[in-house]
K.L.:
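I have a structure here, written as C-alpha coordinates, and I will follow up with some questions on it.
In what follows, every chain begins at residue 1, and chains take the letters A, B, ... in the order their sequences are listed.
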Protein chains: 2
Amino acid sequence: MLKISKKADYALMALQHIASVQFGDVTPGRVVNTKEIAEEYNIPLELLAKVLQVLSKNGLIESHNGPKGGYLLARSARQITIAQIIESIEGPLAITDCSHEKAGEFCMQLEHCNIRTPLLKIQDSIYQLLNNMTLGDMMGGTPLITIQSPSAQGVER
Amino acid sequence: MLKISKKADYALMALQHIASVQFGDVTPGRVVNTKEIAEEYNIPLELLAKVLQVLSKNGLIESHNGPKGGYLLARSARQITIAQIIESIEGPLAITDCSHEKAGEFCMQLEHCNIRTPLLKIQDSIYQLLNNMTLGDMMGGTPLITIQSPSAQGVER
DNA sequence: CTTAGTCCGACCACATTGATCGGAGATCAT
DNA sequence: ATGATCTCCGATCAATGTGGTCGGACTAAG
(Lines give C-alpha, C1' and ligand atoms only; values in the text may rest on other atoms or scores of the structure.)
Protein backbone atom coordinates (compact mmCIF):
# COMPACT_ATOMS: atom_id res chain seq x y z
CA MET A 1 0.00 0.00 0.00
CA LEU A 2 3.02 2.28 0.37
CA LYS A 3 1.28 4.20 3.12
CA ILE A 4 2.93 7.02 5.01
CA SER A 5 2.37 7.00 8.77
CA LYS A 6 -0.23 9.05 10.57
CA LYS A 7 2.52 10.87 12.41
CA ALA A 8 3.88 12.10 9.12
CA ASP A 9 0.38 13.11 8.16
CA TYR A 10 0.07 15.10 11.36
CA ALA A 11 3.45 16.69 10.72
CA LEU A 12 2.35 17.83 7.28
CA MET A 13 -0.88 19.27 8.64
CA ALA A 14 0.85 21.05 11.50
CA LEU A 15 3.56 22.55 9.33
CA GLN A 16 1.04 23.65 6.78
CA HIS A 17 -0.95 25.33 9.53
CA ILE A 18 2.07 27.03 11.06
CA ALA A 19 3.17 28.24 7.67
CA SER A 20 -0.23 29.63 6.79
CA VAL A 21 -0.43 31.49 10.09
CA GLN A 22 3.12 32.76 9.94
CA PHE A 23 2.97 34.00 6.37
CA GLY A 24 -0.74 34.71 6.23
CA ASP A 25 -2.38 38.12 6.21
CA VAL A 26 -4.26 37.90 9.49
CA THR A 27 -1.58 37.62 12.18
CA PRO A 28 1.77 37.29 10.44
CA GLY A 29 4.67 36.17 12.62
CA ARG A 30 2.47 34.82 15.36
CA VAL A 31 3.70 31.73 17.17
CA VAL A 32 1.43 28.69 17.18
CA ASN A 33 1.17 26.32 20.11
CA THR A 34 0.41 22.62 20.09
CA LYS A 35 -3.06 22.89 21.56
CA GLU A 36 -4.27 25.21 18.83
CA ILE A 37 -3.27 22.80 16.09
CA ALA A 38 -4.59 19.76 17.91
CA GLU A 39 -8.02 21.28 18.36
CA GLU A 40 -8.18 22.66 14.85
CA TYR A 41 -7.54 19.32 13.18
CA ASN A 42 -8.79 16.87 15.84
CA ILE A 43 -5.34 15.43 16.46
CA PRO A 44 -4.53 13.80 19.84
CA LEU A 45 -2.69 16.49 21.75
CA GLU A 46 0.12 14.40 23.22
CA LEU A 47 0.85 12.65 19.98
CA LEU A 48 1.05 15.90 18.08
CA ALA A 49 3.34 17.29 20.76
CA LYS A 50 5.76 14.46 20.20
CA VAL A 51 5.65 14.96 16.46
CA LEU A 52 6.46 18.64 16.88
CA GLN A 53 9.29 17.74 19.23
CA VAL A 54 10.92 15.65 16.55
CA LEU A 55 10.41 18.33 13.94
CA SER A 56 12.11 20.92 16.13
CA LYS A 57 14.93 18.58 17.01
CA ASN A 58 15.53 18.07 13.31
CA GLY A 59 15.65 21.80 12.72
CA LEU A 60 12.46 22.22 10.72
CA ILE A 61 10.76 24.42 13.31
CA GLU A 62 11.85 26.52 16.29
CA SER A 63 10.30 26.06 19.70
CA HIS A 64 9.71 28.87 22.18
CA ASN A 65 9.15 27.80 25.73
CA GLY A 66 6.91 29.10 28.49
CA PRO A 67 3.60 30.95 28.28
CA LYS A 68 2.95 32.70 24.98
CA GLY A 69 5.33 30.12 23.62
CA GLY A 70 4.85 27.94 20.58
CA TYR A 71 6.38 27.01 17.29
CA LEU A 72 7.76 28.88 14.32
CA LEU A 73 9.08 27.72 10.98
CA ALA A 74 12.85 27.56 11.06
CA ARG A 75 13.10 28.72 7.47
CA SER A 76 10.90 29.75 4.56
CA ALA A 77 8.09 27.45 3.48
CA ARG A 78 9.73 27.12 0.08
CA GLN A 79 12.89 25.80 1.70
CA ILE A 80 11.10 22.92 3.40
CA THR A 81 10.44 19.93 1.17
CA ILE A 82 7.94 17.13 1.70
CA ALA A 83 10.81 14.65 1.73
CA GLN A 84 12.47 16.49 4.61
CA ILE A 85 9.27 16.42 6.63
CA ILE A 86 8.50 12.74 6.06
CA GLU A 87 12.08 11.61 6.60
CA SER A 88 12.26 13.72 9.73
CA ILE A 89 9.44 11.65 11.22
CA GLU A 90 9.83 8.22 9.64
CA GLY A 91 13.55 8.05 9.09
CA PRO A 92 15.34 7.74 5.77
CA LEU A 93 13.25 6.69 2.80
CA ALA A 94 13.66 2.94 2.28
CA ILE A 95 11.36 1.23 -0.17
CA THR A 96 12.87 -2.16 0.64
CA ASP A 97 14.86 -3.58 3.53
CA CYS A 98 18.17 -3.73 1.75
CA SER A 99 18.18 -0.12 0.67
CA HIS A 100 20.89 1.19 2.91
CA GLU A 101 22.46 -1.95 4.31
CA LYS A 102 25.03 -3.92 2.40
CA ALA A 103 23.09 -6.62 0.64
CA GLY A 104 24.34 -10.09 1.40
CA GLU A 105 24.68 -9.43 5.09
CA PHE A 106 21.10 -9.02 6.12
CA CYS A 107 19.30 -10.19 3.04
CA MET A 108 19.99 -13.72 1.96
CA GLN A 109 17.22 -13.71 -0.60
CA LEU A 110 18.56 -10.80 -2.55
CA GLU A 111 21.99 -12.21 -3.15
CA HIS A 112 20.88 -14.18 -6.17
CA CYS A 113 18.35 -11.83 -7.58
CA ASN A 114 18.38 -8.67 -9.55
CA ILE A 115 15.34 -6.82 -8.32
CA ARG A 116 17.52 -4.73 -6.06
CA THR A 117 18.85 -2.40 -8.72
CA PRO A 118 15.52 -1.49 -10.30
CA LEU A 119 13.95 -1.08 -6.87
CA LEU A 120 16.64 1.37 -5.85
CA LYS A 121 15.99 3.26 -9.05
CA ILE A 122 12.32 3.50 -8.22
CA GLN A 123 13.14 4.60 -4.71
CA ASP A 124 15.36 7.35 -6.01
CA SER A 125 12.62 8.56 -8.31
CA ILE A 126 10.14 8.71 -5.47
CA TYR A 127 12.64 10.63 -3.39
CA GLN A 128 13.10 13.19 -6.13
CA LEU A 129 9.34 13.50 -6.36
CA LEU A 130 9.00 14.25 -2.65
CA ASN A 131 12.04 16.48 -2.56
CA ASN A 132 10.83 18.64 -5.42
CA MET A 133 7.63 19.65 -3.68
CA THR A 134 7.83 22.17 -0.85
CA LEU A 135 5.55 23.35 1.91
CA GLY A 136 5.06 26.47 -0.11
CA ASP A 137 3.79 24.46 -3.06
CA MET A 138 1.36 22.67 -0.80
CA MET A 139 -0.22 25.96 0.21
CA GLY A 140 -0.92 26.78 -3.37
CA GLY A 141 1.60 29.62 -3.42
CA THR A 142 -0.94 32.12 -2.21
CA PRO A 143 -1.93 32.62 1.43
CA LEU A 144 -4.25 29.95 2.74
CA ILE A 145 -6.99 29.23 0.32
CA THR A 146 -8.24 25.89 1.43
CA ILE A 147 -10.59 25.07 -1.39
CA GLN A 148 -10.19 21.82 -3.26
CA SER A 149 -11.05 22.69 -6.79
CA PRO A 150 -10.04 19.96 -9.21
CA SER A 151 -9.64 22.48 -12.00
CA ALA A 152 -7.17 24.61 -10.09
CA GLN A 153 -4.40 22.05 -10.21
CA GLY A 154 -3.55 20.38 -13.46
CA VAL A 155 -3.13 16.82 -12.29
CA GLU A 156 -1.20 15.01 -14.91
CA ARG A 157 -2.58 11.61 -15.66
CA MET B 1 9.59 4.96 5.41
CA LEU B 2 7.24 4.15 2.55
CA LYS B 3 8.30 0.53 2.62
CA ILE B 4 6.74 -2.11 0.42
CA SER B 5 5.97 -5.40 2.15
CA LYS B 6 8.15 -8.48 2.00
CA LYS B 7 5.34 -10.36 0.29
CA ALA B 8 5.49 -7.87 -2.54
CA ASP B 9 9.25 -8.30 -2.62
CA TYR B 10 8.83 -12.04 -2.91
CA ALA B 11 6.26 -11.57 -5.65
CA LEU B 12 8.71 -9.45 -7.64
CA MET B 13 11.51 -11.98 -7.20
CA ALA B 14 9.28 -14.90 -8.14
CA LEU B 15 7.85 -13.24 -11.22
CA GLN B 16 11.29 -12.14 -12.32
CA HIS B 17 12.50 -15.72 -11.97
CA ILE B 18 9.54 -17.21 -13.81
CA ALA B 19 9.96 -14.70 -16.59
CA SER B 20 13.66 -15.35 -16.96
CA VAL B 21 13.08 -19.09 -17.13
CA GLN B 22 10.14 -18.85 -19.47
CA PHE B 23 11.74 -16.47 -21.91
CA GLY B 24 15.35 -17.47 -21.29
CA ASP B 25 17.58 -19.42 -23.62
CA VAL B 26 18.09 -22.55 -21.51
CA THR B 27 14.67 -24.13 -21.10
CA PRO B 28 12.13 -21.79 -22.65
CA GLY B 29 8.49 -22.48 -21.83
CA ARG B 30 9.26 -24.61 -18.79
CA VAL B 31 6.89 -24.35 -15.85
CA VAL B 32 8.33 -23.34 -12.49
CA ASN B 33 7.07 -24.71 -9.20
CA THR B 34 7.04 -23.02 -5.83
CA LYS B 35 9.76 -25.14 -4.29
CA GLU B 36 12.29 -24.23 -6.94
CA ILE B 37 11.83 -20.52 -6.37
CA ALA B 38 11.79 -20.84 -2.59
CA GLU B 39 15.09 -22.70 -2.54
CA GLU B 40 16.73 -20.45 -5.07
CA TYR B 41 16.06 -17.26 -3.13
CA ASN B 42 15.76 -18.58 0.43
CA ILE B 43 12.10 -17.67 0.75
CA PRO B 44 9.87 -19.56 3.22
CA LEU B 45 8.05 -22.09 1.08
CA GLU B 46 4.55 -21.73 2.51
CA LEU B 47 4.65 -17.97 2.42
CA LEU B 48 5.78 -17.90 -1.17
CA ALA B 49 3.02 -20.37 -2.03
CA LYS B 50 0.45 -17.98 -0.66
CA VAL B 51 1.93 -15.10 -2.60
CA LEU B 52 1.79 -17.08 -5.83
CA GLN B 53 -1.81 -18.03 -5.07
CA VAL B 54 -2.80 -14.40 -4.97
CA LEU B 55 -0.88 -13.62 -8.12
CA SER B 56 -2.66 -16.38 -9.99
CA LYS B 57 -6.04 -15.39 -8.62
CA ASN B 58 -5.39 -11.88 -9.90
CA GLY B 59 -4.55 -13.17 -13.35
CA LEU B 60 -0.84 -12.37 -13.44
CA ILE B 61 0.28 -16.00 -13.66
CA GLU B 62 -1.33 -19.32 -14.61
CA SER B 63 -1.21 -22.28 -12.28
CA HIS B 64 -0.94 -25.88 -13.51
CA ASN B 65 -1.94 -28.44 -10.96
CA GLY B 66 -0.64 -31.92 -10.19
CA PRO B 67 2.79 -33.42 -10.68
CA LYS B 68 4.99 -31.60 -13.18
CA GLY B 69 2.79 -28.64 -12.44
CA GLY B 70 3.86 -25.12 -11.65
CA TYR B 71 3.41 -21.55 -12.72
CA LEU B 72 3.56 -19.69 -16.02
CA LEU B 73 3.28 -16.01 -16.84
CA ALA B 74 -0.24 -15.20 -17.94
CA ARG B 75 1.03 -12.68 -20.48
CA SER B 76 4.23 -11.17 -21.77
CA ALA B 77 6.72 -9.74 -19.32
CA ARG B 78 6.30 -6.36 -21.00
CA GLN B 79 2.57 -6.41 -20.26
CA ILE B 80 3.06 -6.81 -16.52
CA THR B 81 3.83 -3.60 -14.65
CA ILE B 82 5.36 -3.20 -11.22
CA ALA B 83 2.24 -1.41 -10.08
CA GLN B 84 0.09 -4.39 -11.04
CA ILE B 85 2.31 -6.75 -9.07
CA ILE B 86 2.48 -4.64 -5.93
CA GLU B 87 -1.22 -3.77 -5.97
CA SER B 88 -2.04 -7.41 -6.54
CA ILE B 89 -0.40 -8.25 -3.23
CA GLU B 90 -0.91 -5.16 -1.11
CA GLY B 91 -4.17 -3.84 -2.45
CA PRO B 92 -4.72 -0.50 -4.16
CA LEU B 93 -2.00 2.10 -3.75
CA ALA B 94 -2.99 4.45 -0.93
CA ILE B 95 -0.40 6.87 0.33
CA THR B 96 -2.78 8.14 3.01
CA ASP B 97 -5.89 6.77 4.68
CA CYS B 98 -8.34 9.02 2.94
CA SER B 99 -7.22 8.23 -0.56
CA HIS B 100 -10.19 6.24 -1.70
CA GLU B 101 -12.76 6.90 0.98
CA LYS B 102 -14.85 10.01 0.95
CA ALA B 103 -13.05 12.47 3.17
CA GLY B 104 -15.15 13.72 6.03
CA GLU B 105 -16.60 10.32 6.75
CA PHE B 106 -13.61 8.47 8.09
CA CYS B 107 -11.15 11.26 8.55
CA MET B 108 -12.16 14.01 10.91
CA GLN B 109 -8.78 15.65 10.82
CA LEU B 110 -8.75 16.18 7.09
CA GLU B 111 -11.99 18.07 6.90
CA HIS B 112 -10.31 21.33 7.73
CA CYS B 113 -7.01 20.84 6.05
CA ASN B 114 -5.67 21.06 2.58
CA ILE B 115 -2.94 18.50 2.53
CA ARG B 116 -5.27 16.02 0.88
CA THR B 117 -5.07 17.42 -2.61
CA PRO B 118 -1.28 17.65 -2.86
CA LEU B 119 -0.93 14.21 -1.30
CA LEU B 120 -3.24 12.71 -3.90
CA LYS B 121 -1.15 14.37 -6.54
CA ILE B 122 2.00 12.79 -5.17
CA GLN B 123 0.28 9.45 -4.98
CA ASP B 124 -0.73 9.70 -8.59
CA SER B 125 2.82 10.47 -9.61
CA ILE B 126 4.12 7.44 -7.73
CA TYR B 127 1.51 5.29 -9.38
CA GLN B 128 2.62 6.44 -12.80
CA LEU B 129 6.18 5.65 -11.86
CA LEU B 130 5.32 2.10 -10.90
CA ASN B 131 2.96 1.59 -13.78
CA ASN B 132 5.47 2.69 -16.38
CA MET B 133 8.01 0.03 -15.43
CA THR B 134 7.37 -3.55 -16.49
CA LEU B 135 8.74 -6.94 -15.58
CA GLY B 136 10.58 -6.86 -18.87
CA ASP B 137 12.33 -3.65 -17.88
CA MET B 138 13.39 -5.20 -14.61
CA MET B 139 15.20 -8.02 -16.37
CA GLY B 140 17.72 -5.59 -17.69
CA GLY B 141 16.57 -5.66 -21.27
CA THR B 142 15.78 -2.00 -21.70
CA PRO B 143 16.92 1.12 -19.96
CA LEU B 144 14.61 2.32 -17.23
CA ILE B 145 12.06 5.00 -17.74
CA THR B 146 12.76 8.60 -16.89
CA ILE B 147 10.76 10.14 -14.13
CA GLN B 148 8.54 13.13 -14.66
CA SER B 149 8.34 15.59 -11.81
CA PRO B 150 5.14 17.27 -10.71
CA SER B 151 4.44 20.77 -11.89
CA ALA B 152 5.72 23.09 -9.19
CA GLN B 153 9.33 23.09 -8.12
CA GLY B 154 12.57 24.94 -8.39
CA VAL B 155 14.35 24.02 -5.21
CA GLU B 156 18.06 23.50 -5.08
CA ARG B 157 19.25 20.49 -3.17
C1' DC C 1 -5.66 -46.65 -7.65
C1' DT C 2 -1.83 -44.62 -5.72
C1' DT C 3 1.06 -40.85 -5.13
C1' DA C 4 3.28 -36.56 -5.67
C1' DG C 5 2.28 -32.06 -6.17
C1' DT C 6 -0.40 -27.89 -6.01
C1' DC C 7 -4.34 -25.16 -4.14
C1' DC C 8 -6.57 -22.93 -0.26
C1' DG C 9 -8.35 -21.93 3.96
C1' DA C 10 -7.57 -20.93 8.89
C1' DC C 11 -4.27 -19.92 12.39
C1' DC C 12 -0.43 -17.81 15.49
C1' DA C 13 3.56 -14.69 16.96
C1' DC C 14 6.03 -10.72 16.49
C1' DA C 15 6.93 -5.85 15.24
C1' DT C 16 5.51 -1.45 14.31
C1' DT C 17 2.44 2.14 14.80
C1' DG C 18 -0.97 4.91 17.19
C1' DA C 19 -1.98 6.71 21.38
C1' DT C 20 -1.42 7.80 26.60
C1' DC C 21 0.49 9.18 31.05
C1' DG C 22 3.50 11.64 34.33
C1' DG C 23 6.97 14.57 35.58
C1' DA C 24 10.79 18.11 34.96
C1' DG C 25 12.39 22.49 33.23
C1' DA C 26 11.61 27.12 31.48
C1' DT C 27 9.31 31.47 30.93
C1' DC C 28 5.95 35.17 31.60
C1' DA C 29 2.56 37.65 34.74
C1' DT C 30 1.63 39.23 39.07
C1' DA D 1 10.24 36.11 44.18
C1' DT D 2 6.47 33.19 43.44
C1' DG D 3 2.97 30.91 41.04
C1' DA D 4 0.86 29.40 36.87
C1' DT D 5 1.23 27.94 32.35
C1' DC D 6 3.27 25.86 28.70
C1' DT D 7 6.72 23.21 26.37
C1' DC D 8 9.87 19.33 26.57
C1' DC D 9 10.88 14.44 27.09
C1' DG D 10 10.97 10.13 28.97
C1' DA D 11 8.57 5.61 29.64
C1' DT D 12 4.53 2.88 28.82
C1' DC D 13 0.31 0.47 26.79
C1' DA D 14 -2.99 -1.25 23.21
C1' DA D 15 -4.13 -2.41 18.46
C1' DT D 16 -3.41 -3.12 13.77
C1' DG D 17 -0.88 -5.38 10.29
C1' DT D 18 2.80 -8.13 8.74
C1' DG D 19 5.65 -12.25 8.40
C1' DG D 20 5.40 -16.87 8.94
C1' DT D 21 3.17 -21.71 9.90
C1' DC D 22 0.01 -25.74 9.85
C1' DG D 23 -3.25 -29.01 8.04
C1' DG D 24 -6.59 -30.55 4.79
C1' DA D 25 -8.75 -30.92 -0.01
C1' DC D 26 -8.23 -31.28 -4.77
C1' DT D 27 -5.84 -32.59 -9.25
C1' DA D 28 -3.33 -34.96 -12.52
C1' DA D 29 0.45 -38.07 -13.78
C1' DG D 30 2.30 -42.89 -13.31
K.L.:
Nearest whole Å is fine: how far is C:dT6 P from B:Glu36 CD?
P.N.:
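Going from CD in B:Glu36 over to P in C:dT6 covers 10 Å.
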
K.L.:
Output the rounded distance in Å from CG (B:Asn33) to P (D:dA28).
P.N.:
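So the CG-P distance, B:Asn33 to D:dA28, works out to 17 Å.
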
K.L.:
Donor-acceptor pairs are to be reported for all side-chain atoms of residues 13-28 of chain B against protein atoms at under 3.5 Å, with residues two or more places apart or in another chain.
P.N.:
unit_1, atom_1, unit_2, atom_2, d
B:Gln16, NE2, A:Asn114, OD1, 2.9
B:His17, ND1, B:Tyr41, OH, 3.0
B:His17, NE2, B:Glu36, OE2, 3.2
B:Ser20, OG, B:Gln16, O, 3.3
B:Ser20, OG, B:His17, O, 2.8
B:Gln22, OE1, B:Leu73, N, 2.9
B:Thr27, OG1, B:Arg30, NH1, 3.2

K.L.:
My understanding is that only residues two or more places apart in sequence, or in another chain, count here; which of them pass side-chain hydrogen bond (donor to acceptor under 3.5 Å, both in side chains) with A:Asn65?
P.N.:
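If we apply the side-chain hydrogen bond (donor to acceptor under 3.5 Å, both in side chains) test to A:Asn65, skipping adjacent residues, there are no hits.
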
K.L.:
Send over the distance from A:Lys35 NZ to D:dT5 P, rounded to a whole Å.
P.N.:
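Nearest whole value for this atom pair: 11 Å.
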
K.L.:
Can you tell me how far C1' of C:dT6 sits from NZ of B:Lys57, to the nearest Å?
P.N.:
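Result: 15 Å.
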
K.L.:
If the condition is salt bridge (charged side-chain N to carboxylate O under 4.0 Å, His left out), which residues does A:Lys57 pass it with, not counting sequence neighbours?
P.N.:
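Testing A:Lys57 for salt bridge (charged side-chain N to carboxylate O under 4.0 Å, His left out), a comparison that skips the adjacent residues, returns none.
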
K.L.:
Taking CG from A:Asn58 and P from D:dC9, how many angstroms apart are they, rounded to a whole number?
P.N.:
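Distance, rounded to whole Å: 12 Å.
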
K.L.:
What's A:Ser56 touching, base or sugar-phosphate or nothing? Going by heavy atoms closer than 4.0 Å.
P.N.:
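If one applies the 4.0 Å heavy-atom cut-off, A:Ser56 turns out to touch nothing in the nucleic acid.
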
K.L.:
For a quick check, with a 4.0 angstrom heavy-atom cut-off, what is the B/S/- contact string for nucleotides 19-30 of chain C, read 5' to 3'?
P.N.:
BB----BSBS--

K.L.:
Could you pull out all residues at least two apart from A:Lys3 that satisfy salt bridge (charged side-chain N to carboxylate O under 4.0 Å, His left out)?
P.N.:
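Checked A:Lys3 against salt bridge (charged side-chain N to carboxylate O under 4.0 Å, His left out); matches are B:Asp97.
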
K.L.:
Go through the structure and list residues passing side-chain hydrogen bond (donor to acceptor under 3.5 Å, both in side chains) with B:Ser88, not counting sequence neighbours.
P.N.:
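Here the qualifying residues are B:Asn58.
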
K.L.:
Mind calculating the distance between CG (B:Leu52) and P (C:dC8) to the nearest angstrom?
P.N.:
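My rounded result for the distance is 12 Å.
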
K.L.:
How close or far is atom P of C:dT6 from atom CD1 of B:Ile61, stated in whole angstroms?
P.N.:
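The distance from CD1 of B:Ile61 to P of C:dT6 comes to 12 Å, rounded to the nearest Å.
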
K.L.:
Consider only side-chain N and O atoms of A:Asn132 and A:Thr81, and report whether a donor and an acceptor are under 3.5 Å apart.
P.N.:
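Distance-only check fails for A:Asn132 and A:Thr81.
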
K.L.:
Could you state the CG-C1' distance from A:Leu48 to D:dC9, rounded to the nearest angstrom?
P.N.:
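Whole-Å distance recorded here is 15 Å.
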
